[in-house]
Protein chains: 2
Amino acid sequence: MAERISEAEFQVMEVLWRDSPLTAQDVAARLEATGWSLTTVKTLLSRLAAKGALATTEDGRRYLYAPAVDRAAIAAGESRRLVDRLFGGRPAPLVAHLAERGELSSADIAELEALIRELKQ
Amino acid sequence: MAERISEAEFQVMEVLWRDSPLTAQDVAARLEATGWSLTTVKTLLSRLAAKGALATTEDGRRYLYAPAVDRAAIAAGESRRLVDRLFGGRPAPLVAHLAERGELSSADIAELEALIRELKQ
DNA sequence: GCTTGACGACTACAGGCGTAATCGATACAT
DNA sequence: ATGTATCGATTACGCCTGTAGTCGTCAAGC
């Protein structure tokens with residue numbers, strides 16, 4: 001459990017979080033933009049299945065793949081790792097960093113503001 | 001430029017961001033908690049110097065190491081990567097995630113609130 | 001001067017990752 | 001029935017990473 005997922009693997013997961021179950025072909029088709037060959041995608045699918053991040057069900061001679069882990073759980077874990085590692089666990093400096101580089105649109109700021117208001121109660 | 005720094009390497013950088021220049025010995029001493037051998041630390045220092053993240057000045061027969069990259073720049077870059085990858089570039093969902101898991105203390109929330117207020121002008 | 005200890009350089013090596021080709025089996029079309 | 005396309009499994013391979021040992025050299029103490 002709690003197996004780490006690499007970046008390329010994560011992109012594969014994204015496809016399946018969006019729509020599943022899918023065959024290897026389908027997944028590869030949706031990853032056309034990456035330029036990866038079909039075999040590359042199959043390798044990633046196998047590795048993900050091996051580490052328990054994907055569930056497979058047989059469909060004749062092939063597999064249908066579906067996520068076995070929650071996207072939110074992965075995202076939360078990664079976020080926490082980063083915030084711990086870079087900012088001693090405090091999220092404000094992270095936001096400050098993003099802000100400093102002009103990475104925050106006013107929509108982002110409004111969104112954060114609303115979120116904060118909500119958190120305060 | 002823009003060479004990526006691995007996690008172990010990052011820990012070495014942390015030491016030098018806190019206090020520099022230092023000899024390999026000194027760095028290793030401050031990383032005692034990791035249990036790494038002296039040679040391991042030296043390897044990491046070499047790799048960091050090779051990728052331009054550290055500057056070295058000769059001090060007799062040995063080197064003094066000092067950061068050649070800004071901690072803030074690294075942190076900002078990593079933050080952006082994560083937010084892009086996991087949250088489509090929008091930081092609010094990240095904060096929401098941290099909040100959802102009870103990762104935010106009321107001090108954190110206050111800090112964020114102050115930051116937002118500042119950003120709004 | 002000779003030994004010894006410390007230094008950086010070089011070498012090592014297993015595991016993960018990105019990327020992919022090949023292989024053996026099977027389903028399907030003819 | 002036979003050829004062909006397709007599947008997953010297996011193998012490949014170079015790079016990065018974590019972790020560390022060895023080597024040649026030089027400085028310092030005796």
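Naming: A, B, ... by sequence-line order, numbering from 1 per chain.
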For the atom pair CG (A/Leu16) and OH (A/Tyr65), what is the distance rounded to the nearest 0.5 Å? 9.5 Å

Is there a side-chain polar atom (N or O) of A/Ser46 under 4.0 Å from OP1 or OP2 of D/dG8? no

Single-linkage hydrophobic cluster, 4.5 Å side-chain cutoff, A/Val83 and B/Ile5 together: yes

Shortest non-hydrogen pair, B/Val69 vs B/Gly52, comes out as CG1-O, 4.1 Å

So if I take residues 25-34 of chain A and measure heavy-atom distances to DNA chain D, which residues fall below 4.0 Å? A/Gln25

Salt bridge (charged side-chain N to carboxylate O under 4.0 Å, His left out) contacts touching residues 22-37 of chain B (sequence neighbours left out): B/Asp19-B/Arg30

Determine the interplanar angle of the B/His97 and B/Phe87 rings, folded into 0 to 90°, and report it as parallel if under 30°, tilted if 30 to 60°, perpendicular if over 60°. tilted

Rounded to whole Å, CG of A/Leu44 lies from P of C/dA21 at a distance of 14 Å

Take B/Leu94 and A/Leu94, measure what side-chain contact (heavy atoms from CB on, under 4.5 Å) needs, and give me the verdict at the end. CA-CA 10 Å; B/Leu94 163 58; A/Leu94 163 59; 3.1 Å; yes

Please report the distance, rounded to the nearest Å, between CG in A/Leu38 and P in D/dT6. 10 Å

Rounding to an integer number of Å, can you tell me how far A/Glu7 CD sits from C/dC17 P? 11 Å

Less than 4.5 Å apart, any side-chain heavy atom of A/Met13 and any of A/Arg18? no

Looking only at heavy atoms, which two atoms of B/Val41 and B/Ala24 are closest? And how far apart? CG1-O, 4.3 Å

Taking atom types as they are modelled, is there a donor-acceptor pair under 3.5 Å from the base of C/dT19 to the side chain of A/Arg47? yes

How far does CD of A/Glu118 sit from CD1 of A/Ile116, to the nearest 0.5 angstrom? 10.0 Å

Test: salt bridge (charged side-chain N to carboxylate O under 4.0 Å, His left out). Region: residues 61-76 of chain B. Which pairs qualify, not counting sequence neighbours? B/Glu14-B/Arg71, B/Asp59-B/Arg62

If you only use heavy atoms from C-beta on, which nucleotide in C/dT19, D/dT17, D/dT19 is closest to the side chain of A/Thr40? C/dT19

Flag for B/Ser46-B/Thr43: side-chain donor and acceptor within less than 3.5 Å: no

Which of residues 48-58 of chain B sit near DNA chain C, with a heavy atom under 4.0 Å from it? none

Correct closest heavy-atom pair for B/Leu115 and A/Ala96 would be CD2-N, 3.6 Å

Give a yes or no on whether A/Ile109 and A/Leu98 share a hydrophobic cluster (residues Ile, Leu, Val, Met, Phe, Trp, Tyr; joining criterion: side-chain heavy atoms under 4.5 Å apart). yes

Looking for any heavy atom pair under 4.0 Å, which part of the strands does B/Ser37 touch: base, sugar-phosphate only, or nothing? sugar-phosphate

Identify whether the distance between the nearest side-chain nitrogen and carboxylate oxygen of A/Glu9 and A/Arg47 falls below 4.0 Å. no

Between residues 9-24 of chain A and DNA chain C, which residues have a heavy-atom gap below 4.0 Å? none

Rounded to the nearest angstrom, tell me the gap between atom NZ in A/Lys42 and atom C1' in D/dT11. 15 Å

Let me know the distance between CZ of A/Arg4 and P of C/dC17, rounded to the nearest Å. 8 Å

With a cut-off of less than 4.0 Å, is there a side-chain N or O of A/Tyr63 near OP1 or OP2 of D/dA9? yes

Which atoms of nucleotides 22-30 of chain D (N or O only) lie under 3.5 Å from a protein N or O atom, and what are those distances?
none

